[in-house]
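Each remark here refers to the structure printed beneath this line.
Each chain gets a letter, A, B and so on, in the order the sequences are listed, and its residues count up from 1. Worth knowing before you read on, the calculation uses all heavy atoms, side chains too, and leaves out hydrogens, waters and symmetry mates.
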Number of protein chains: 2
Amino acid sequence: MTTRIAIVEDDLTLRLALGRGLREDGFDVVLSTASGGDLLAGLGDSAPEVFVVDIGLPDTDGRDLVLALRARGVRAPVLLLTARGDVTDRLSGFRAGADDYLPKPFHFEELVLRLRALVRRGHQPADPPDGLFLDLAAHEVGCDGKSAGLTPTEFRLLAALLARPGEVVRRQALIAAAWPAGGIVHDNTLDSYLLRLRRKLAALGRADAIVTVRGVGYRVG
Amino acid sequence: MTTRIAIVEDDLTLRLALGRGLREDGFDVVLSTASGGDLLAGLGDSAPEVFVVDIGLPDTDGRDLVLALRARGVRAPVLLLTARGDVTDRLSGFRAGADDYLPKPFHFEELVLRLRALVRRGHQPADPPDGLFLDLAAHEVGCDGKSAGLTPTEFRLLAALLARPGEVVRRQALIAAAWPAGGIVHDNTLDSYLLRLRRKLAALGRADAIVTVRGVGYRVG
DNA sequence: GGATCACCTGGACACAACCTGACCGCGTGC
DNA sequence: GCACGCGGTCAGGTTGTGTCCAGGTGATCC
């Protein structure tokens with residue numbers, strides 16, 4: 001039984017080596033691109049069951065790519081390749097929705113083991129968050145034709161919400177997803193951003209997309 | 001003989017270390033997730049015999065997760081990992097239905113000893129509480145298709161009831177489960193919440209789900 | 001039947017959680 | 001310098017939740 005896998009790695013040598021090695025280990029490499037934009041463009045209905053993404057991409061931060069994937073309803077596990085096991089990288093990547101990470105340089109065998117573990121754990125497909133979608137390249141949110149630009153913080157915040165359609169996301173989880181680790185974020189700051197997001201969504205005719213669940217958090221869909 | 005165990009820990013390093021260590025000590029790690037939602041989603045029929053849960057999860061309070069597990073009829077013992085042995089945390093964790101706790105940082109050996117003790121003590125599986133179920137992610141109660149949103153206090157209260165289907169739960173036990181430690185709760189306040197819960201359950205066509213046992217307490221199922 | 005008790009019900013109220021609009025500081029680009 | 005966009009803060013208003021009261025209902029016992 002083969003597992004469909006997608007690779008995003010800008011270094012050509014490494015990308016080719018990964019593809020060859022994974023194929024030999026029984027993976028079905030359905031996509032192999034150098035940039036996040038190419039991945040999103042080429043996804044189609046290839047439905048990879050697991051992703052390997054380099055965090056240090058030239059066109060996109062790997063974390064934003066994970067957020068964009070999650071916002072599209074993709075729940076397949078993502079393994080991030082990070083440079084030198086940097087703790088900050090690891091934490092923020094994890095918060096973005098990645099499922100595992102591997103610091104470079106790594107043993108190929110460990111990569112395969114971790115991938116197998118991720119796939120074994122299993123993930124269920126998510127319902128797509130009706131109509132709304134995030135455009136990573138343009139850094140904006142769209143809904144049937146119309147679209148609205150987002151600032152980086154707004155983007156991360158909305159992505160964290162869209163990643164879990166129908167679920168209540170706690171305020172703490174939103175802060176963890178949208179702001180860098182360690183920093184102190186006023187509760188009210190989150191409120192402000194929710195307001196800004198709601199305004200922009202209202203302009204798309206989706207004023208009610210973000211629902212408040214008092215005492216718990218927020219929900220979309 | 002191996003014991004099936006599930007781990008919920010958001011810190012990646014610690015999660016991996018726990019998994020590796022427990023495996024070496026003869027446990028069968030059937031589930032290892034970073035969030036409460038993932039755990040509930042991934043449970044399937046893996047039927048862990050014991051749980052290790054970090055109380056400080058970003059998406060869910062560990063205590064709510066225990067309540068949700070109990071409400072699903074899961075009776076397997078739960079060990080909570082708490083930060084710095086905070087007494088308040090410990091007490092409220094116990095009230096939520098946890099069976100043991102361990103303050104961080106801890107010696108790995110102590111964790112294993114406590115887990116073995118918990119498993120040895122033995123627990124029997126519970127009958128699922130007919131039809132009604134708590135959705136931790138959406139923070140609501142559901143019954144064949146329909147669902148109703150719950151406020152935090154309502155959620156804890158109903159969870160305490162659903163945790164013991166068929167059993168009579170005393171008023172004092174309900175107050176202890178649904179309200180923070182130390183606070184003084186008027187008897188009548190509990191009455192009010194029972195009323196609200198019954199209203200919401202009535203909207204789901206389960207008006208008679210909560211039965212009064214005069215002089216003792218309340219029972220569901 | 002009447003007294004008593006446990007529980008139910010509707011409503012009033014305070015306060016915390018949340019929303020909203022405005023403001024300020026900082027960095028960037030013109 | 002100035003304009004602008006972005007991130008963050010503040011003060012004030014609004015609303016839902018939690019709490020408590022007052023009175024009602026039904027069971028139980030004498």
**Request:** Would you indicate which nucleotide in D/dG18, D/dT15, D/dG7 comes nearest to any side-chain atom of B/Pro152?
**Result:** D/dG18

**Request:** Give me the residues of residues 192-200 of chain B where at least one heavy atom lies under 4.0 Å from an atom of DNA chain D, by number, or none.
**Result:** B/Ser192, B/Tyr193, B/Arg196

**Request:** Report the distance from atom CG of B/Leu190 to atom P of C/dC7, rounded to the nearest whole Å.
**Result:** 9 Å

**Message:** Taking side chain to side chain contact (heavy atoms under 4.5 Å, CB included) as the definition, give me every residue that meets it alongside A/Val185, ordered by chain and number, with sequence neighbours left out.
**Reply:** A/Ile175, A/Trp179, A/Thr189

**Request:** Check every atom of D/dC10, D/dG7, D/dT19 against the side chain of A/Asn188 and return the nucleotide holding the closest atom.
**Result:** D/dC10

**Prompt:** Looking only at atom types and distance, does a side-chain atom of B/Asp11 sit under 3.5 Å from a main-chain N or O of B/Leu14, one as donor and one as acceptor?
**Reply:** yes

**Asked** What's the CG-P distance between A/Leu150 and D/dG7, to the nearest Å?
**Response** 10 Å

**Request:** Rounded to the nearest angstrom, tell me the gap between atom CZ in B/Arg170 and atom C1' in C/dA6.
**Result:** 15 Å

**Asked** Would you find a donor on one side and an acceptor on the other, under 3.5 Å apart, between the side chain of B/Arg156 and the backbone of B/Ala178?
**Response** yes

**Prompt:** D/dG18 phosphate, OP1 or OP2: any side-chain N/O from B/Trp179 under 4.0 angstrom?
**Reply:** no

**Request:** Report yes if a donor N or O on one partner sits less than 3.5 Å from an acceptor N or O on the other, where the partners are the side chain of A/Arg214 and the base of D/dT15; otherwise report no.
**Result:** yes

**Message:** For a quick test of reading the model: is some side-chain N or O of A/Arg171 closer than 4.0 Å to OP1 or OP2 of C/dC18?
**Reply:** yes

**Prompt:** Is the CD atom of B/Gln172 crowded by more than 12 outside heavy atoms at less than 6.0 Å?
**Reply:** no

**Request:** Kindly say whether A/Ile7 contributes a backbone atom to a donor-acceptor pair with the side chain of A/Arg15 at under 3.5 angstrom?
**Result:** no

**Request:** Please report, rounded to the nearest Å, how far the P atom of D/dT9 is from the CD1 atom of A/Ile175.
**Result:** 11 Å

**Item:** Option among A/Arg198, A/Arg196, A/Lys200 that satisfies the salt bridge (charged side-chain N to carboxylate O under 4.0 Å, His left out) test with A/Glu154
**Value:** A/Lys200

**Spacing between B/Leu157 atom CG and D/dT19 atom C1', to the nearest angstrom** = 14 Å

**Request:** Mind calculating the distance between CG (A/Asp191) and C1' (C/dA17) to the nearest angstrom?
**Result:** 8 Å

**Request:** Among D/dC21, D/dT19, D/dC6, find the nucleotide with the atom closest to the side chain of B/His186.
**Result:** D/dC21

**Request:** For C/dC18, take OP1 and OP2 only and decide whether either is under 4.0 Å from a side-chain N or O of A/Thr212.
**Result:** no

**Request:** Name the nucleic acid region contacted by A/Thr189, choosing base, sugar-phosphate or nothing; use a 4.0 angstrom heavy-atom cut-off, strictly under.
**Result:** base

**Any side-chain heavy-atom pair of B/Phe155 and B/Val141 under 4.5 Å** = no

**Message:** Rounded to whole Å, please give me the gap between NE2 in B/His139 and P in C/dA17.
**Reply:** 15 Å

**Asked** In whole angstrom, what separates A/Phe155's CZ from D/dG7's P?
**Response** 13 Å

